[in-house]
Amino acid sequence: MTRRGAIQLSVERRIRAPSQRLWEIVSDHEGMPSWFPSREVVRRRPGAPDANGVGAIRVVRSLGLAVEERVTAFKPRERLEYALTEGAPFSEYRGELTLAPCDDGTLVRWSVRLRPLIPGSGWILARVVARQLRRGLEGLAQRVEPS
């Protein structure tokens, strides 16, 4: 937990695949269910100049919720940042997914910051969100790493 009730989480994983290949997957919003534990992802509004880039709005349906997120930063093969705009039991949600080449592939780091709307619920939200992020990185690795 950080000050004033905000929660900061970060998970990372080394994935044996080039950052270009991983970028093609993580920047394809509607393809997220192929690696992230979600039922459906719909791009509600395209970004510019890249349809999945800055300004894109996506709706992610997962864990019985439909959350809307807006892409706030988009640097191909390196970084995707987004902010929650509606639909979850927290506020001030910001996410960042970064890719960094390393010796055996790519280091993928997923960080989020959020503030619970319900006092005292931070610990459970932190557990649920961290588990989803870890499952997402595991799914990404399973999708691209050789058997």
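Listed by chain and number, the residues in a ring pair (Phe, Tyr, Trp, His ring centres under 6.0 Å) with W110 are W35, F36 (sequence neighbours excluded). Residues meeting the side chain to side chain donor-acceptor pair (under 3.5 Å) test with R44, sequence neighbours left out: E68. Checked against side chain to side chain contact (heavy atoms under 4.5 Å, CB included), E92 has the following partners two or more places apart in sequence or in another chain: R113, R115. For R134, the side chain to side chain donor-acceptor pair (under 3.5 Å) criterion is met by no residue, not counting sequence neighbours. Applying the side chain to side chain donor-acceptor pair (under 3.5 Å) criterion to S91, with sequence neighbours excluded, gives no partner residue. P101 is linked by a side chain to side chain contact (heavy atoms under 4.5 Å, CB included) to S19, counting only residues two or more places apart in sequence or in another chain. Contacts of S34 classified as side chain to side chain contact (heavy atoms under 4.5 Å, CB included), with partners at least two apart in sequence or in another chain: R143. In this structure, the side chain to side chain donor-acceptor pair (under 3.5 Å) partners of E40, at least two apart in sequence or on a different chain, are R61.
A continuous path of hydrophobic side-chain contacts links V108 to I25 [ILVMFWY only; heavy atoms under 4.5 Å]. There is a path of hydrophobic side-chain contacts, each under 4.5 Å, that joins M32 to V144. Placement of L65 and V60 within a single hydrophobic cluster is found when ILVMFWY residues are connected by side-chain heavy-atom separations under 4.5 Å, directly or transitively. V26 and I57 fall into different hydrophobic clusters, where Ile, Leu, Val, Met, Phe, Trp and Tyr residues are linked whenever their side-chain heavy atoms come under 4.5 Å apart, directly or through other members.
Ion pair E138/R135 not flagged as a salt bridge, since none of the NZ, NE, NH1 or NH2 atoms sits closer than 4.0 Å to an Asp/Glu carboxylate oxygen.
For the pair G122 and I7, the tightest heavy-atom approach, listed with the atom from each and the gap, is O-CD1, 3.2 Å. The two residues N52 and D28 have their closest heavy-atom pair at ND2-CA, 3.8 Å. Taking all atoms of both residues into account, the shortest heavy-atom contact from L137 to I15 is O-CD1, 4.1 Å. Between V59 and A66, the closest heavy-atom pair is CG1-CB, 4.2 Å.
Residues E69 and T85 are not in side-chain contact: their nearest non-hydrogen atoms beyond the backbone lie 4.5 Å or more apart. With a 4.5 Å cut-off on side-chain heavy atoms, E78 and L99 do not count as touching. Counting heavy atoms from C-beta outward, Q132 and P37 have side chains that approach closer than 4.5 Å.
Considering CD of E81 and OG1 of T72, their distance stands at 5.0 Å, rounded to 0.5 Å. Atom CG of L125 and atom CG of L117 lie 8.5 Å apart (nearest 0.5 Å). With rounding to the nearest 0.5 angstrom, the CZ atom of R77 is 13.5 Å from the CZ atom of R79. With rounding to the nearest 0.5 Å, the separation of CG in L9 from CG in L114 is 6.0 Å.
With a 6.0 Å cutoff to the six-membered ring centre and a 45° limit on the axis angle, R58 counts as a cation-pi contact of Y82.
Every pair tested for side chain to side chain donor-acceptor pair (under 3.5 Å) that includes a residue from residues 95-104 fails, sequence neighbours excluded, so the list is empty. Applying the ring pair (Phe, Tyr, Trp, His ring centres under 6.0 Å) test to residues at least two apart or on different chains, none of the pairs has a partner in residues 125-147. Legend: ring pair (Phe, Tyr, Trp, His ring centres under 6.0 Å) pairs involving residues 5-32, not counting sequence neighbours, sorted by first then second residue: W23-F74. A ring pair (Phe, Tyr, Trp, His ring centres under 6.0 Å) check over residues 126-146, counting only residues at least two apart or in different chains, returns nothing.
Looking at T106, its side chain does come within 3.5 Å of a backbone N or O of A17 through a donor-acceptor pair. Between the side chain of E145 and the backbone N or O of R16 there is at least one donor-acceptor pair closer than 3.5 Å. The main-chain N or O of L97 is never found under 3.5 Å from a side-chain atom of R109 such that the two would form a donor-acceptor pair.
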Practice problem: Kindly indicate, with the supporting measurements, whether the criterion side-chain hydrogen bond (donor to acceptor under 3.5 Å, both in side chains) is fulfilled by S62 and S38. | Solution: CA-CA 4 Å; S62 179; S38 57; 5.7 Å; no
Exercise for review: Show your working on side-chain contact (heavy atoms from CB on, under 4.5 Å) between L133 and V112 and close with a plain yes or no.
Suggested key: CA-CA 9 Å; L133 298 179; V112 299; 4.0 Å; yes
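In R43, the CZ atom is crowded: over 12 heavy atoms of neighbouring residues, nucleotides or ligands sit closer than 6.0 Å.
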